[in-house]
There are 2 protein chains.
Amino acid sequence: MVMPMTDSVRAWRVLFEDLCRLIRSGRLVPGDRLPSETALIAQTGLSRTTVRQAIGQLRSVGLVSTLAPKGTFVLGTPDPVRLMAGESVTAEAALTLTRADGSTALLPAGTPIVCAATR
Amino acid sequence: MVMPMTDSVRAWRVLFEDLCRLIRSGRLVPGDRLPSETALIAQTGLSRTTVRQAIGQLRSVGLVSTLAPKGTFVLGTPDPVRLMAGESVTAEAALTLTRADGSTALLPAGTPIVCAATR
DNA sequence: CTCTATTTGTACGTATGTATC
DNA sequence: AGATACATACGTACAAATAGA
């Protein structure tokens, strides 16, 4: 079914979230290949541009990685990363800080997180 | 001058890096608006799709933010937060890790970041 | 080994919607 | 009300790398 471009629900976002669910639900596990662009076009009726935008979002969120002409593959959730002195992390989205006592705080997008000086 | 699509140097990447330089050099400061898509099209001779891809990269790198029909604006960086031992941060979106040498790595959404500082 | 099909990357063009100025 | 500017979405074409017959 074709999504009219006037639709307030963005087509690429729908596909993006569908694929997100496939991954988070475990129907697609790390190492699995996503359906090819052509397949997704056939399944969704969307244009290639739109399909690619959805996949691009998955990439930019870190859920998948695409290898040039091979395909797009589901990434595994990596082990926790230890932040060393001199390193910093940021994210486009809000960050959640969890303290030792379990309480949490929300940090604005773009906030650089640096490692507290050792000792 | 028009960049042939066969060129191995990706046109959007050239524009992306040009704009990066404008920002990092300080010629564009936080709050400044980037030239509009139309202006960039005129200046570069690229298609709108390509111009938008370059701007999309700037966004995903966290250098700019675009407000719907107003324009794309240069972001400033908020004050860093020091991650203490026992604390961790996560984000729904991809995290960018910047090392001491300036190199960066993309961490998948949901990656827990912990403080390496012990003792 | 060569030819071919598949798949992703890049790049172009066009049209419409919608919010802002 | 009109112009401007970004978002979404369609289409097309060719390049390049890979995999398979």
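Only this structure's heavy atoms are used, side chains among them; waters, hydrogens and symmetry mates stay out. Remember, predicted model here, so these are calculated numbers, not experimental data. To find a chain, count down the sequence lines: A is the first, B the second, and so on, and within it residues start at 1.
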- request: Scan Thr49(B) against the nucleic acid and name what it touches under 4.0 Å (heavy atoms): base, sugar-phosphate only, or nothing.
  value: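 Contact class for Thr49(B): base.
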message: Using a heavy-atom cut-off of 4.0 Å across all strands, would you classify Ser47(A) as base, sugar-phosphate, or nothing?
response: base
For the pair made of [atom1] in [X] and [atom2] in [N], what is the distance, rounded to whole Å?
X        : N       : atom1 : atom2 : answer
Ile41(A) : dA9(D)  : CD1   : C1'   : 13 Å
Leu67(A) : dT6(C)  : CG    : C1'   : 15 Å
Gln53(A) : dG11(D) : CD    : P     : 15 Å
Arg10(A) : dC6(D)  : CZ    : P     : 17 Å
Glu37(B) : dT18(C) : CD    : C1'   : 14 Å
Trp12(B) : dC12(C) : CH2   : P     : 13 Å
Phe16(A) : dT8(D)  : CZ    : C1'   : 16 Å

- request: Report yes if a donor N or O on one partner sits less than 3.5 Å from an acceptor N or O on the other, where the partners are the side chain of Arg13(B) and the base of dG9(C); otherwise report no.
  value: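 It does not, because no donor-acceptor pair links the side chain of Arg13(B) to the base of dG9(C) below 3.5 Å.
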- request: Check if the side chain of Arg48(B) and the base of dA7(D) share a donor-acceptor pair of N or O atoms closer than 3.5 Å.
  value: yes
- prompt: Is Leu106(B) reachable from Phe16(A) through a run of I, L, V, M, F, W or Y residues, each pair having side-chain heavy atoms under 4.5 Å apart?
  reply: no
- prompt: For the side chain of Arg59(A) and the backbone of Thr72(A), is there at least one donor-acceptor N/O pair under 3.5 Å apart?
  reply: no
message: Nearest 0.5 angstrom please: Leu19(A) CG to Ile55(A) CD1, how far?
response: 7.0 Å
task: Answer yes or no: is there a side-chain heavy-atom contact under 4.5 Å between Pro108(B) and Leu63(A)?
output: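 A side-chain contact under 4.5 Å is absent here.
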- request: In sequence, state the C-alpha distance, the side-chain angles, and the governing distance for Ile113(B) and Ile113(A), and then conclude on side chain to side chain contact (heavy atoms under 4.5 Å, CB included).
  value: CA-CA 9 Å; Ile113(B) 308 290; Ile113(A) 309 291; 5.6 Å; no
statement: Rounded to 10°, the angle between the first-five-pair and last-five-pair axes of the helix from dT2(C)-dA21(D) to dC21(C)-dG2(D) is 0°
Does [N] have its OP1 or OP2 closer than 4.0 Å to a side-chain nitrogen or oxygen of [X]?
X        : N       : value
Thr38(A) : dT6(C)  : no
Lys70(A) : dT8(C)  : no
Arg52(A) : dG9(C)  : yes
Thr50(B) : dC12(C) : yes

message: Please list all pairs meeting salt bridge (Lys or Arg N to Asp or Glu O under 4.0 Å) that have one or both residues in residues 41-54 of chain A, counting only residues at least two apart or in different chains.
response: Glu37(A)-Arg48(A), Glu37(A)-Arg52(A)
Can you list the residues that meet the side-chain contact (heavy atoms from CB on, under 4.5 Å) rule with [X], with sequence neighbours excluded?
X         : answer
Ser60(A)  : Gln57(A)
Ser103(B) : Arg99(B), Asp101(B)
Thr49(B)  : Ser47(B)

- prompt: So, are Glu17(A) and Arg13(A) salt-bridged, with charged N and O less than 4.0 Å apart?
  reply: yes
Anything under 3.5 Å between a protein N or O and an N or O of nucleotides 1-4 of chain D, put it in a table, one pair a line.
none

